[in-house]
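First comes the structure, then the notes that go with it.
The sequence lines fix the lettering, A, B, ..., with proteins before strands; numbering per chain opens at 1. Because only heavy atoms are used, hydrogens play no part in the values below, and waters and symmetry mates are left out as well, while side chains stay in.
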Amino acid sequence: MKKALLIIGIVFVVLWSIIPIYWALNISLMYHFEVYSVPAHLFPEHPTLYNYLRSLGFSVFNPFTNRVDPPVGYPIREALINSFVVASMVSLITIAIATPAGYALGRYRTRHSGLLTALLLGSRTLPPVSILIPLYIIGLRYRLLGTTHGITVMHLALVLPLTTWILMGFFSTFPSEIEKAARVDGATRLQAIVRVVIPTALPAIVSAGLLSFLFSYNEYLFSWVFTSGTPAQTIQPTLASMWFMIGEINIMAAATILSLIVPVVISLYFQKYIIQVRLVDPYALAFE
Amino acid sequence: MVEVRLEHVTKIFGKTIAVNDLNLVVRDKEFFVLLGPSGCGKSTTLNIIAGLEKPTSGRVYFDDEDVTFLPPEERNIAMVFQSYALYPTMTAYDNIAFPLKIRRLLRDEIHKRVKEVAEMLHIEHLLDKKPHQMSGGERQRVALARAIVRQPRLFLMDEPLSNIDAKLRITARTELIRLQRKLGVTTIYVTHDQTEAFTMGHRIGVMFNGCLLQVGDPLEIFERPHNTVVAGFVGIPPMNFIEGHIAYDERLGKYYFKWNEIILEVGGDITEKIGGHGKTVIAGIRPQNLQVIKSESYSKIGIAFKAKVYTVERLGTESVITVDIDGELLRAVTPSELTLSPDEDVVVKIVNPQKVIFFNKNTGDLIT
Ligand SMILES: Nc1ncnc2c1ncn2[C@@H]1O[C@H](COP(=O)(O)OP(=O)(O)OP(=O)(O)O)[C@@H](O)[C@H]1O
Ligand SMILES: [Mg+2]
């Protein structure tokens, strides 16, 4: 009985979250005329990649109008590329900065580490909007608006405290004896870190990188403020503004589905890292 | 291989004095055991010798070389940790090979040496496994193999046997001793287990609250503990302490220790040191030195006194009997065949009066 309820619950939750995506996928595979048919079609009658190809900048022949339709006049492909580039840079730089910072904070207690930790956490308790205006002014001043590296910097400002904090937590529970063993075995401090600590911490480091990739890729507010209407426009503001700019719902659906590909692939491929809730228990993780 | 000397080593963490003015010489090729209760600073001392911690003050010498500030990787020592600290991402083979790879030995040479130690420790079948695929005892062997693979000049072992089961621990103990004798490498072994200390060590250092209280061979530590702290810590069950006073018998011209019915003759030199008649001293009697006899089979030979059985703990071949003498509880070890029940009246005899030792009441130091 309990189990049945549980299954019903799960099915409900899954349907709840999957139906909108299913509907977008369904529409994205239809020609324009089929989208508004009544009653609505649960599956496309003439499945086609027409919308996808047009979104990505190709001219496509439409057999129902006997015309070649031009690409969508909106930079969807460019936005996808921008988002991918920004998110990649954000995650790489996050790894490069948060790993050593988290290691130092987690491993060594200094006089100021309490304060530093409080600042890290404190910066996360502020609503992101509250730093939007100051960051906008900084962006204006240093010509970061409308540039790919500009939005990268903004995303880093948002995501670094959290990832540093996560890695700090990881390294503070990381068994220091493993590193000590490497030192006694003849490794210098740097060698011990590179050859023993980092390989052991890799799952946590990759998780932090993926977390920041997904954050950056999915972030809307700052991306909108800093890049909309510029060549650096990323995919989230693009999707949001298509409503006014395109008006073809099947094209919008295709763009939406396209925007999902990267996060879905990443989630599936790196599932074992993302499911690492055991981030705080490196032994379990290391011996996995 | 090397003689290790610690001079006035002190280590302070914030407000904790982990190691307090420690002086110690560990001789070349010796198996030295550092024994003490949890938190007394054993690991910290070992870490200072390894170079993993810098002492707050004091010096560390390997032979005549001052290594106080030498980083661990330049000391040519090997360490086995309590948790074994195997590298989780590497196979046993790579774990053992790590110290050699770091030293950039040739592949063939590495391979040869790893195979050699693996054979010596019977772990050839484990070489492809990762730490999480091994049992505690197997990890311990791999950790040991990693330590001996490069012939270091000093072994440091931090409770390497405390995480394996009792039976395996006994075999591992013998194996470790055999290995140490064979390799002849100076070894400092940390433990809080006195059986381990007494069976393994050439010499033992007893640590308490950051201080090294006594260094000596096992018999010395057991029979002539320098003070009540060492005496109380060493020996299972712990030593009995009774507080009595010195009495002078003018008729015989002799000094005696008196407490209740117990009257023990003490040498004049001891009495001299504590000031003679009427002074209070503490007598230390090992439970093994007390014999419990049923009242009916008692014949009046030797030093004996009446007591009441308080509790009986059976430990296989032996029993620990706690007896009550006027509210004072003393422990005695007897063979298990003797069946006693609580509240039974018995007679307790001191088997060997010469082995009773005396401590100064104020300082707790042994009076010799
Ligand atoms: N890095 C550190 N920072 C602060 N205090 C420490 C540190 N390392 C050890 N201590 C303290 O120093 C004291 C001695 O610790 P140590 O680890 O040397 O004890 P131990 O004898 O090895 O104990 P155990 O048998 O439990 O391993 C303890 O009170 C401990 O809390
Ligand atoms: Mg310890």
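B:Arg75 is not listed as a side-chain neighbour of A:Val184, based on a closest heavy-atom distance of 4.5 Å or more.
Heavy-atom distances place the side chain of B:Leu52, and not its backbone, under 4.5 Å from chain A. Of the two parts of B:Asn76, neither the backbone nor the side chain holds a non-hydrogen atom closer than 4.5 Å to a non-hydrogen atom of chain A.
Interatomic distance, CD1 of A:Ile178 versus CG of B:Leu86, reported as 8.5 Å (0.5 Å rounding). The CZ atom of A:Arg183 sits 12.0 Å away from the CG atom of B:Asn47 when rounded to the nearest 0.5 Å.
No more than 12 heavy atoms of other residues, nucleotides or ligands shown are found within 6.0 angstrom of CG on B:Asp108. Atom CG of B:Asn209 is surrounded by 12 or fewer heavy atoms from other residues, nucleotides or ligands within 6.0 Å. Counting heavy-atom neighbours within 6.0 Å of A:Phe84 CZ, excluding the residue itself, gives a total of 12 or less. Surrounding CG of B:Asp128 are at most 12 heavy atoms belonging to other residues, nucleotides or ligands under 6.0 Å away.
With chain A as partner, the option from B:Glu74, B:Arg150, B:Lys101, B:Met90 having the largest number of non-hydrogen pairs under 4.5 angstrom is B:Arg150. By number of non-hydrogen pairs under 4.5 angstrom with chain B, the leading residue of A:Arg189, A:Arg195, A:Gln191, A:Glu179 is A:Arg195.
When all heavy atoms are compared, the tightest approach of A:Thr200 to B:Pro88 is CG2-CG, 3.6 Å. When all heavy atoms are compared, the tightest approach of B:Glu73 to A:Ala187 is CB-O, 3.4 Å.
A donor-acceptor pair under 3.5 Å is formed between the side chain of B:Arg103 and the backbone N or O of A:Asp185. Checking side-chain atoms of B:Tyr87 against main-chain N and O of A:Ala182 turns up a donor-acceptor pair under 3.5 Å.
With hydrogens and angles left out, the side-chain atoms of B:Ser83 and A:Glu177 include a donor and acceptor closer than 3.5 Å.
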